[in-house]
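Working notes, beginning with the structure itself.
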Amino acid sequence: MIKNLLDSKKVFIFDLDGTLIDSLGVWDKIDTLFVRKYYDGDVPPTYSYYQKNILPKLNGEDPYIEYLKYLIARFDIKDSLEDIIEVRKSIIDETLINDVSLKPYVKEYFNMIRGNKRIVLATTSTARCLDIYKYDNKSTSELDFDNTFELMLSGNDVKLHKPDPEIYLKVIEELNINKEDAIVFEDSLVGIEAACRAGLDVLHVYTPECENDLVKIRKLTPYFIENFGEITKN
């Protein structure tokens, strides 16, 4: 069923974090390292909480600044917003360069589809994080972003973030394609909701971080894979 679906599509639109790269858990690690510079107690998984409970409720606000404000309030951080931006930036750089990698079989799958499909990246990662993955991280840079993706949209290119469909609607508009010709590869519930709201078919790429959302995800799309090896071998 999935092979026939993919064969029928001309445009493959990929999310990045959790879909192509193993990075979702890294944000909780980043914030643990960051918060411990100001706070001595245990640090809960702050980013995963924010992603599920705060990010979907934002209405045009800068999600990064709103997240830092959340951390400041949650852990009673006294430093200025400008200062903590710089501290967290240095932690992000080091962690994204050294602790993130391509998910299994991604490189092999892209070697298979290059030249056969129009390939697009639609991620809510910032342009700065995307540049780290493109040029500084040895593993993720093997994807050769600039020569692989016809179009790359980051969180800086939209006002509203997933589950809002803006980023996927922008792909459709910029490429001037029919929705029926495209399919989205997504791992998270908010990403799948965004693609569905844009009227696109979605293939769910499993990631353990979204285990608790599987029931909701299955109601939105019947198409799913455990990893890219399943479709690389077909």
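None of the values given here were measured: they were computed from a predicted structure. Just so it is clear, the values below take in all heavy atoms, side chains as well, and ignore hydrogens, waters and symmetry mates. Positions are given from 1 along the sequence.
- In this structure, a donor-acceptor pair under 3.5 Å is absent between the side chains of Tyr206 and Glu230.
- The side-chain heavy atoms of Ile132 and Ile97, taken from C-beta on, include a pair separated by under 4.5 Å.
- Using a 4.5 Å cut-off on side-chain heavy atoms (C-beta onward), Arg114 and Ile119 make contact.
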For this session: Could you check Val158 against Asp164 for side-chain contact (heavy atoms from CB on, under 4.5 Å), going step by step and ending with a plain yes or no?
Result: CA-CA 10 Å; Val158 293; Asp164 190 274; over 6 Å; no
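- Checking side-chain atoms of Thr124 against main-chain N and O of His161 turns up no donor-acceptor pair under 3.5 Å.
- By the 4.5 Å heavy-atom criterion applied to side chains, Phe34 and Val43 are not counted as neighbours.
- A continuous path of hydrophobic side-chain contacts links Met112 to Leu102 [ILVMFWY only; heavy atoms under 4.5 Å].
- In this structure, the side chain of Glu166 engages the main chain of Leu160 through a donor-acceptor pair within 3.5 Å.
- With rounding to the nearest 0.5 Å, the separation of OG1 in Thr140 from NZ in Lys134 is 11.0 Å.
- Ring geometry for Phe14 against Phe228 counts as tilted: the plane angle lies between 30° and 60°, on a 0 to 90° scale.
- Summarising the geometry, atom OG belonging to Ser125 is positioned 11.0 Å from atom CG belonging to Asp131; distances are rounded to the nearest 0.5 Å.
- Applying the 6.0 Å contact sphere to CG of Asn116 captures more than 12 heavy atoms from other residues, nucleotides or ligands.
- Under a cut-off of 6.0 angstrom, the local environment of CD in Glu142 is crowded, with over 12 non-hydrogen atoms contributed by other residues, nucleotides or ligands.
- The side-chain heavy atoms of Phe149 and Ile13, taken from C-beta on, include no pair separated by under 4.5 Å.
- The existence of a salt bridge linking Lys89 and Asp93 is excluded, since no basic side-chain nitrogen approaches an acidic carboxylate oxygen closer than 4.0 Å.
- Here the CG-CD1 distance, from Leu200 to Ile183, works out to 9.0 Å after rounding to the nearest 0.5 Å.
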Under 3.5 Å, sequence neighbours excluded: what are the donor-acceptor pairs made by side chains of residues 169-181?
| residue | atom | partner | partner atom | Å |
| --- | --- | --- | --- | --- |
| Lys170 | NZ | Asp157 | O | 2.7 |
| Lys179 | NZ | Ala198 | O | 3.0 |

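- The closest donor-acceptor contact from the side chain of Thr207 to the backbone of Cys210 lies at 3.5 Å or more, if one exists at all.
- Between Leu214 and His204 there is a side-chain heavy-atom pair separated by less than 4.5 Å.
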For this session: Could you walk me through whether Asp15 and Val184 pass the side-chain contact (heavy atoms from CB on, under 4.5 Å) test, one step at a time?
Result: CA-CA 8 Å; Asp15 171 56; Val184 173; 5.8 Å; no
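- Heavy-atom contacts from other residues, nucleotides or ligands closer than 6.0 Å to CZ of Phe224 number 12 or fewer.
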For this session: Could you go through the side-chain contact (heavy atoms from CB on, under 4.5 Å) check for Thr123 and Met152 one step at a time?
Result: CA-CA 8 Å; Thr123 175; Met152 287 184 279; over 6 Å; no
Just distance, no hydrogens or angles: give the donor-acceptor pairs under 3.5 Å from side chains in residues 65-78, sequence neighbours left out.
| residue | atom | partner | partner atom | Å |
| --- | --- | --- | --- | --- |
| Tyr67 | OH | Asp31 | OD2 | 2.3 |
| Tyr67 | OH | Thr46 | OG1 | 3.1 |
| Tyr67 | OH | Tyr47 | N | 3.3 |
| Asp76 | OD1 | Lys78 | NZ | 3.0 |
| Asp76 | OD2 | Lys78 | NZ | 3.3 |

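- You'll find the side chain of Val11 reaches within 4.5 Å of the side chain of Val120, heavy atoms only.
- Asn227 has its side chain out of reach of Lys103: every pair of non-hydrogen atoms, C-beta onward, lies at least 4.5 Å apart.
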For this session: Carefully, step by step, assess Leu96 and Cys129 under the rule side-chain contact (heavy atoms from CB on, under 4.5 Å).
Result: CA-CA 8 Å; Leu96 296 190; Cys129 291; 3.7 Å; yes
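- Note on Tyr168: it does not cluster hydrophobically with Leu5, by side-chain heavy-atom contacts below 4.5 Å among ILVMFWY residues.
- Remark: Asp42 CG is loosely packed, at most 12 non-hydrogen atoms of other residues, nucleotides or ligands lying under 6.0 Å away.
- In this structure, the ring of Phe145 has its center no less than 6.0 angstrom from the ring center of Tyr133.
- A side-chain donor from one of Asp17 and Ser23 sits under 3.5 Å from a side-chain acceptor of the other.
- Placement of Val215 and Ile217 in two distinct hydrophobic clusters is found when ILVMFWY residues are connected by side-chain heavy-atom separations under 4.5 Å, directly or transitively.
- Panel note: side chain Asn137, backbone Val100; a donor-acceptor pair is recorded below 3.5 Å.
- The shortest distance between side-chain heavy atoms of Phe12 and Leu203 does not fall below 4.5 Å.
- Going from atom CG of Asp187 over to atom CD of Glu209 covers 8.0 Å, rounded to the nearest 0.5 Å.
- In terms of modelled atom types and a separation under 3.5 Å, the side chain of Ser90 and the main chain of Val87 share a donor-acceptor contact.
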